[in-house]
Number of protein chains: 2
Amino acid sequence: MKSSAEQAAIEKRLKAAGVRPTAQRIALARFLLNGADHPTAEDVKKWADENFPKMSLATVYNTLALLVRAKLIKEVKLPHTSRVIYDDRVSAHYHFLDEKSGKIYDVDPSEVEVKPRLKKNASVRGVEVLLRGRWG
Amino acid sequence: MKSSAEQAAIEKRLKAAGVRPTAQRIALARFLLNGADHPTAEDVKKWADENFPKMSLATVYNTLALLVRAKLIKEVKLPHTSRVIYDDRVSAHYHFLDEKSGKIYDVDPSEVEVKPRLKKNASVRGVEVLLRGRWG
DNA sequence: ATCATATATAGAATAGTTCTAAATTTAGAA
DNA sequence: TTCTAAATTTAGAACTATTCTATATATGAT
């Protein structure tokens, strides 16, 4: 997509989500929503250092938190690292960790059947699944 | 169980696992293997402060790591907290987080049917499940 | 008892993230 | 436009949980 058209589209999405589209936010949202693949805050900062003049680490964290609150991205905490990962897939889904490459793949809930049969008075309001293995 | 008998039993388990049973290790192992319920390192240190003279935080961490290596306890990282939790159940199992109390419950794999049906060239070598909801 | 090794200790260092206070930018009013 | 108040961005300090480092202490084998 042409860069300017992409920016306009992102700006629209930000506004629709109630986020004021500042230059920093448009740049980061563009990276996060078109192209980034499960980046950490560090990955995002690295991208910013290479593609946006003088963006502070605080802005990276502020914006990530803002986009999470706006439900444009999702925070993912996985046990193999202490870094938080950001996911542009915001609907409920699971994750697959490729143990060779360290890469994370999103897994649609339809691809993993999960059926809890717990004692009666336990009510399950959410399920998180991490699969580990070899993806490819 | 009588305290001295309990200590002897713990000492035996440590030896069997190849861990030299020092006073600090016996005390901590006793807490971890008989009575502690998914404690954090901080919980363990707090217990030590109240029940063992002058144990350092480093010893708490060293011993936890040692007992993990010896497969007497397991490290559990869950997404709702940045603190590592230690579990005296060492066989594979899942977890349930009670959202009201914050308490963690172990869930036997037989209580949750998990059936991944991924693309053919993906091989699953491990499954982690966290259920959230109300336990009681 | 001596010696070599293992363990325990206090405190420094680290990683990742959040907080704070000041500077800058913005949108809207005048 | 210019002014102003509020929102945003910034650099760096602070924080949390954990690991590392250097020294002291304890232990078991001789």
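Every chain is numbered from 1, with letters handed out A, B, ... down the list of sequences. Owing to the predicted nature of the structure, the values given are computational and were not obtained by experimental measurement.
- The phosphate of D:dT27 has neither OP1 nor OP2 within less than 4.0 Å of any side-chain N or O from B:Arg20.
- Between the side chain of B:Arg20 and the main chain of B:Leu14, no donor-acceptor pair closer than 3.5 Å is present.
- Atom CG in A:Leu66 sits roughly 11 Å away from atom C1' in D:dA7 (whole-Å rounding).
- Rounded to whole Å, the distance from CD on A:Glu42 to P on C:dT18 is 15 Å.
- Between A:Ser82 and D:dT18, a side-chain N or O to OP1/OP2 separation shorter than 4.0 Å is absent.
- Residues from residues 46-63 of chain A lying near DNA chain D, meaning a heavy-atom separation below 4.0 Å, are A:Lys54, A:Met55, A:Ser56, A:Ala58, A:Thr59, A:Asn62 in numerical order.
- The distance between atom CD of A:Glu11 and atom P of C:dT26, rounded to the nearest whole Å, is 12 Å.
- The aromatic rings of A:Trp47 and A:Phe31 sit parallel to each other, their planes meeting at less than 30°, with 60° as the upper class boundary.
- Residues A:Asn34 and A:Ile10 are in side-chain contact: their nearest non-hydrogen atoms beyond the backbone lie under 4.5 Å apart.
- Nucleic acid contact for A:Gln24: sugar-phosphate only, since backbone atoms but no base atoms lie under 4.0 Å from a heavy atom of the residue.
- A side-chain N or O of A:Thr40 and one of A:Asp43 form a donor-acceptor pair less than 3.5 Å apart.
- Taking for each of B:Thr22 and B:Thr40 the nucleotide of DNA chain D with the nearest heavy atom, the 5'-most of the two is the partner of B:Thr40.
- The backbone N or O of A:Trp135 sits nowhere less than 3.5 Å from a side-chain atom of A:Lys100 that would complete a donor-acceptor pair.
- Rounded to whole Å, the distance from NZ on A:Lys45 to C1' on C:dT18 is 16 Å.
- Taking the six-membered ring for Trp and thresholds of 30 and 60 degrees, A:Phe96 and A:Tyr105 have ring planes more than 60 degrees apart, a perpendicular arrangement.
- As the counterpart of C:dA30, D:dT1 is assigned, both hydrogen-bonding distances of the Watson-Crick or G-U wobble pattern falling under 3.5 Å.
- For A:Ile26 and D:dT9, the CD1 to C1' distance is 15 Å, given to the nearest whole Å.
- For the pair A:Lys77 NZ and C:dT17 C1', the interatomic distance rounds to 10 Å; values are reported in whole Å.
- For the residue pair A:Asp106 / A:His38, a side-chain donor-acceptor distance below 3.5 Å is found, with atom types taken as modelled.
- Rounding to whole angstrom units, NZ of residue B:Lys15 and C1' of C:dA6 are separated by 16 Å.
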